[in-house]
2 protein chains.
Amino acid sequence: MAKYDEQLDRYFTALGDPTRRAILSRLARGPASTSELAAPHDMALPSFLAHLRKLEAAGLVTSDKQGRVRSYSLTPDALRPAQDWLSEQRALWETRLDQFDDYVTNLTQERTDGPRSQD
Amino acid sequence: MAKYDEQLDRYFTALGDPTRRAILSRLARGPASTSELAAPHDMALPSFLAHLRKLEAAGLVTSDKQGRVRSYSLTPDALRPAQDWLSEQRALWETRLDQFDDYVTNLTQERTDGPRSQD
DNA sequence: ATGTTACCTAGCCATATGGCTAAGTATGAC
DNA sequence: GTCATACTTAGCCATATGGCTAGGTAACAT
């Protein structure tokens with residue numbers, strides 16, 4: 001499964017930067033224009049715009065330009081995919097940690113010197 | 001809050017790569033050695049090792065070397081922080097989307113021409 | 001002791017990322 | 001029309017990232 005999910009790449013990569021997470025937190029308090037968003041960040045505007053573009057490419061925010069002002073807001077269900085992926089993984093491997101626990105117990109008791117390739 | 005959470009940076013950045021997510025999925029099926037993990041990836045070993053190191057630096061996996069074999073396994077609660085951050089953000093902004101809805105309604109009714117800088 | 005296996009280190013290279021300045025475009029104000 | 005505002009584009013630069021080969025080092029096998 002998963003034929004190389006580039007969207008998920010952009011997603012997590014976008015979240016892996018403090019400036020971008022700060023933007024998201026700020027937007028959580030309501031929509032804002034480019035310059036409003038940029039103000040607290042000590043960074044030239046073009047550099048800042050690059051972050052906004054990445055967030056938008058990742059589907060985390062959307063923007064709408066009216067006149068000369070571009071307004072950004074959070075994409076409503078944007079974090080769902082990440083949460084889904086994470087909880088899926090977590091479920092998978094918590095199950096597995098249990099099974100592994102079994103396996104080790106088993107091994108200790110039986111002393112079967114086999115490899116663990118159980119793929 | 002959040003005085004620049006570098007761990008969260010490493011975390012999300014580590015997840016933002018298909019090879020590394022594949023490693024995690026593989027490990028969800030049980031611990032494995034370096035070469036077992038590397039096998040399905042068409043990549044030179046040193047390049048692959050770099051991914052493993054990033055996952056470990058992010059706290060997503062742990063490793064243990066016995067003899068000449070290093071075995072990797074998932075860090076049990078590793079995905080919690082990411083999940084927590086995500087659901088916190090989501091809660092925040094879903095609340096806010098409601099509040100914003102209120103705000104807009106209010107604005108439409110009262111016609112108060114105030115700025116929205118409420119940070 | 002010699003060889004093989006399994007991993008590690010060092011160093012190189014190409015591209016991506018994240019920052020900058022300078023200059024351009026388009027809208028709103030006068 | 002002229003000017004200020006609010007982005008946007010273009011192009012430069014330094015560092016980080018992700019890949020490679022070549023050559024270790026340490027453990028197991030013979």
Side-chain angles (χ1 to χ4, degrees), chain A residues 4-24 26-27 31-58 60-73 113-117 119, chain B residues 4-24 26-27 31-58 60-73 113 115-117:
Chain A
Y4 194 153
D5 192 340
E6 295 186 33
Q7 188 59 20
L8 209 47
D9 287 8
R10 280 190 284 270
Y11 222 88
F12 282 124
T13 303
L15 291 174
D17 177 279
T19 300
R20 291 191 289 261
R21 284 197 307 277
I23 294 171
L24 292 177
R26 178 60 158 67
L27 285 178
S33 71
T34 303
S35 43
E36 278 172 340
L37 289 172
H41 300 275
D42 189 19
M43 188 184 294
L45 197 56
S47 315
F48 188 76
L49 287 180
H51 288 296
L52 288 175
R53 264 181 246 116
K54 292 206 166 183
L55 286 171
E56 196 158 19
L60 283 158
V61 306
T62 51
S63 71
D64 174 40
K65 189 164 187 176
Q66 297 209 347
R68 50 189 171 164
V69 176
R70 182 176 292 277
S71 183
Y72 284 89
S73 49
D113 182 34
R116 64 161 91 73
S117 58
D119 188 336
Chain B
Y4 194 153
D5 192 339
E6 296 187 32
Q7 188 60 20
L8 210 47
D9 287 9
R10 279 190 285 269
Y11 223 87
F12 282 124
T13 303
L15 291 174
D17 177 279
T19 300
R20 291 191 290 260
R21 285 196 306 278
I23 294 171
L24 291 177
R26 176 61 157 72
L27 285 179
S33 70
T34 303
S35 42
E36 278 172 339
L37 288 173
H41 300 275
D42 188 19
M43 190 184 294
L45 197 57
S47 315
F48 189 76
L49 288 181
H51 288 296
L52 289 175
R53 263 183 247 116
K54 292 207 167 185
L55 286 171
E56 195 158 20
L60 283 159
V61 307
T62 52
S63 71
D64 175 41
K65 189 164 185 174
Q66 297 210 348
R68 51 189 169 163
V69 176
R70 182 177 292 276
S71 184
Y72 284 88
S73 48
D113 182 34
R116 65 161 89 71
S117 59

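For clarity, every value in this text was computed on a predicted model and none was experimentally measured. Convention: sequence-line order gives letters A, B, ...; per-chain numbering from 1.
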Inset, instruction - For residues B:Ala32 and B:Leu27, report the shortest heavy-atom separation together with the two atoms involved. - result: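 Smallest interatomic distance, heavy atoms only, reads N-CD2, 3.9 Å.
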Inset, instruction - Write down the atom of A:Ala38, the atom of A:Leu45, and the distance for their closest heavy-atom approach. - result: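 Where A:Ala38 meets A:Leu45 most closely, the heavy atoms are CB-CD1, 3.7 Å.
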Inset, instruction - Could you say whether A:Gln66 or A:Lys54 is positioned toward the 5' end of DNA chain C, judged by the nucleotide with the nearest heavy atom to each? - result: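 Comparing both residues, the 5'-ward one is A:Lys54.
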Legend entry - For A:Asp64, all residues meeting side chain to side chain donor-acceptor pair (under 3.5 Å), sequence neighbours excluded: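 By the side chain to side chain donor-acceptor pair (under 3.5 Å) rule, A:Asp64 matches A:Gln66.
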Legend entry - Residues that B:Phe48 engages under ring-ring contact (aromatic ring centres under 6.0 Å, His included), provided they are two or more places apart: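 Expected list: B:His41.
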Inset, instruction - Can you run through DNA chain D from 5' to 3' and write each base as (, ), [, ], | or . depending on how it pairs? Watson-Crick or G-U wobble, both distances under 3.5 Å. - result: ||||||||||||||||||||||||||||||
Inset, instruction - Provide the full list of side chain to side chain donor-acceptor pair (under 3.5 Å) pairs with a residue in residues 44-56 of chain A, sequence neighbours left out, each pair given once. - result: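 Non-adjacent pairs meeting side chain to side chain donor-acceptor pair (under 3.5 Å): A:Arg20-A:His51, A:Glu56-A:Ser63.
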Inset, instruction - Before giving the answer on side-chain contact (heavy atoms from CB on, under 4.5 Å), spell out for B:Asp5 and A:Arg21 the whole-Å C-alpha distance, their side-chain angles and the decisive distance to 0.1 Å. - result: CA-CA 10 Å; B:Asp5 192 339; A:Arg21 284 197 307 277; 4.3 Å; yes
Supply the atom-to-atom distance [X] [atom1] to [Y] [atom2], rounded to the nearest 0.5 angstrom.
X	Y	atom1	atom2	value
A:Asp17	A:Leu55	CG	CG	8.5 Å
A:Leu37	A:Leu24	CG	CG	10.0 Å
A:Lys65	A:Tyr72	NZ	OH	9.5 Å

Inset, instruction - Would you grab the first and last nucleotide of DNA chain C (5' to 3') that comes under 4.0 Å of any non-hydrogen atom in chain A? - result: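 The footprint of chain A covers C:dT17 to C:dG28.
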Legend entry - Side-chain heavy atoms of A:Thr34 within contact of A:Leu49, under 4.5 Å: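 In short, these two side chains touch, coming nearer than 4.5 Å.
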Inset, instruction - May I ask you to say what A:Ala44 touches in the nucleic acid, namely base, sugar-phosphate or nothing, with a heavy-atom cut-off under 4.0 Å? - result: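 The residue A:Ala44 makes base contact.
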Inset, instruction - Starting at the 5' end of nucleotides 3-9 of chain D, put B wherever the base has a protein heavy atom under 4.0 Å, S where only the sugar-phosphate does, and a dash everywhere else. - result: -BBSBBB
